[in-house]
There are 2 protein chains.
Amino acid sequence: MTTARGKTAATNRLLARLPDPDRRRLLGKSIAVQLSATDVLYERGKRIREVYFPTGGSISLIATLHGHDKLQVGLVGDEGMLGTSLVLGVAIAPSLALVQDCGTAWQIDAAAFREELECSVALRSCLQRYVHVVMCQSAQTVACTRFHVVEARLARWLLMTRDRAHSDHFHSTHESLASILGVRRAGVTHAAGSLQHQQLIRYSRGDITVLDHHGLEACACACYVANQDTYARVMN
Amino acid sequence: MTTARGKTAATNRLLARLPDPDRRRLLGKSIAVQLSATDVLYERGKRIREVYFPTGGSISLIATLHGHDKLQVGLVGDEGMLGTSLVLGVAIAPSLALVQDCGTAWQIDAAAFREELECSVALRSCLQRYVHVVMCQSAQTVACTRFHVVEARLARWLLMTRDRAHSDHFHSTHESLASILGVRRAGVTHAAGSLQHQQLIRYSRGDITVLDHHGLEACACACYVANQDTYARVMN
DNA sequence: GGTTTTTCGTGGGGCACCGTACAGACCACG
DNA sequence: CGTGGTCTGTACGGTGCCCCACGAAAAACC
């Protein structure tokens, strides 16, 4: 309910878990960058040149099927990182990564990141655990996308984005939501209209406000809570 | 087309990539086990006690949604391994793993496996790459499950299982296929009937024979080839 | 201030698949 | 040889979403 505009010092939750020396050494090799909406950070199959630790905003991981259909397969904010492949020693991006909600991030050169991985046991351990979380969530998403109706999946997306925006207010049109959920634009209009009718959200021309996130949770599929649990269980 | 019943010395393709000394040391700590159909190797959320390197047969990774709906999210044979989580330092299984097609595997105690991971750079590198492959395939599966029709997904599954069985003949009822694909049993009957009508497969009471795998590939979604490409590209 | 662009609402016809149910065919077992 | 269990074929009404399309309203641009 709180809009959380307290502008807490921008941090990344993965980096926050590192011992001070390790984090400091990593940040020493990093630069703070601004991520603007629709920026393309990775393209599927292409080389990963930098990794990112978001400290605000969110990045969408998108799968494309032979050019036409698109679908979001992951959403990364300050709870995660971009470039998990490098943690596994592969410098190829598995999917398109584009900025959904503008924000900031720590950017590190791929080679420098690899060096740090070698040096820091804590970094390796932390990021490998995160990769595991991503794999679990990915499996969950397969089933979710198959079985759950658009309205529930939309509610889940709204909650996830809200968490990463640290705000009840963010931006996304029905059109882009359709591509995220892998449905028609009209399908989103219908589902969003229903949520608005239930007084759970309010939106107008791309401006979305979450009015009642508890109500939204009730509307969303259990995948939202399941993913949160996975993160908490594995990372602690 | 060849039934490949040549019973080539049972090997695991991941282990085959290791330098001789590393592989020998790992196998020294392993035992050969028989996997029987419907054996449960892992349960979601529970501790992983052993890892497996299949040398025959196939194991199904299954996501369950709040008890009811089931769906296969991965299929592992002699091209892969079970227990990828341990490669990431997590001893918790992300999904249910049960034997689909009986066969054999090398089994290694989790602790011993961890030791080997520490020792062998080649093992680490190889398995981390494999984890990356799994992540890519998982992303593909999300989109596939969302967009592709049952017949195409069934065809893909038949091809994948055929590859892992190293045979055009294997066993699975419409009922179990329904749970794998996340559709009704009647839906499988319909799709399988269509494939049989096209002379691509023949089946009877659970016995499935692939008659024309090139024709099946034409029927299957591009995800089959895409996953093969991913494996080849990343592992080489 | 008028025109274009973006965003959202809505409608009709169609398709893939669902839930359920029943019946025939084949196999195993006593 | 009969009986029961397993596996498969099929049918019917219903639903969620598709494709296509048109219209309205708000914002952006000149």
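Here is the naming used below: chain letters follow the sequence lines, and residue numbers restart at 1 for every chain. The model shown is predicted, which means the values in this text are computed figures rather than measured ones.
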Roughly, in whole Å, what's the span from [atom1] in [X] to [atom2] in [N]?
X        : N      : atom1 : atom2 : answer
A:Arg153 : D:dG16 : CZ    : P     : 14 Å
B:Leu71  : C:dC18 : CG    : P     : 11 Å
A:Asp69  : D:dC17 : CG    : P     : 16 Å
A:Gln196 : C:dT10 : CD    : C1'   : 16 Å
B:His190 : C:dC15 : NE2   : P     : 13 Å
B:Arg184 : C:dG19 : CZ    : C1'   : 7 Å
B:Asp207 : D:dT6  : CG    : C1'   : 13 Å

Residue-level proximity of residues 144-152 of chain A to DNA chain D when a heavy atom falls under 4.0 Å
A:Val149, A:Val150
For the pair B:Asp78 and B:Arg164, find out whether any cationic side-chain nitrogen is under 4.0 Å from an anionic carboxylate oxygen.
no
Using a heavy-atom cut-off of 4.0 Å across all strands, would you classify B:Ala192 as base, sugar-phosphate, or nothing?
nothing
Touch class at under 4.0 angstrom, heavy-atom based, for A:Gly193 against every strand present:
nothing
Under a 4.0 Å heavy-atom cutoff, the residues of residues 173-181 of chain A touching DNA chain C are A:Thr173, A:His174
Under 4.0 Å between a side-chain N/O of A:Tyr203 and OP1 or OP2 of C:dG9, yes or no?
yes
Within 6.0 angstrom of B:Arg202 CZ, more than 12 heavy atoms from elsewhere:
no
Just wondering, are more than 12 heavy atoms of other shown residues or ligands nearer than 6.0 Å to CZ in A:Arg49?
no
Assign each of A:Arg205 and A:Gly182 to its nearest nucleotide of DNA chain D by heavy atoms, then name whichever residue's nucleotide is nearer the 5' end.
A:Gly182
Can you find an N or O donor on one side and an acceptor on the other, under 3.5 Å apart, linking the side chain of A:Arg185 with the base of C:dT7?
no
Do [X] and [Y] have a side chain donor and acceptor closer than 3.5 Å?
X        : Y        : value
A:Thr11  : A:Thr55  : no
B:Asp101 : B:His171 : no
A:Gln228 : A:Gln137 : no

Minimum heavy-atom separation for A:Cys223 and A:His148, please, with both atom names.
SG-CE1, 3.4 Å
What's the shortest heavy-atom distance between A:Ala97 and A:Leu82, and which atoms?
CB-CD2, 3.6 Å
Below 30° counts as parallel, above 60° as perpendicular, anything between as tilted: where do the rings of B:Tyr52 and B:Tyr42 land?
tilted
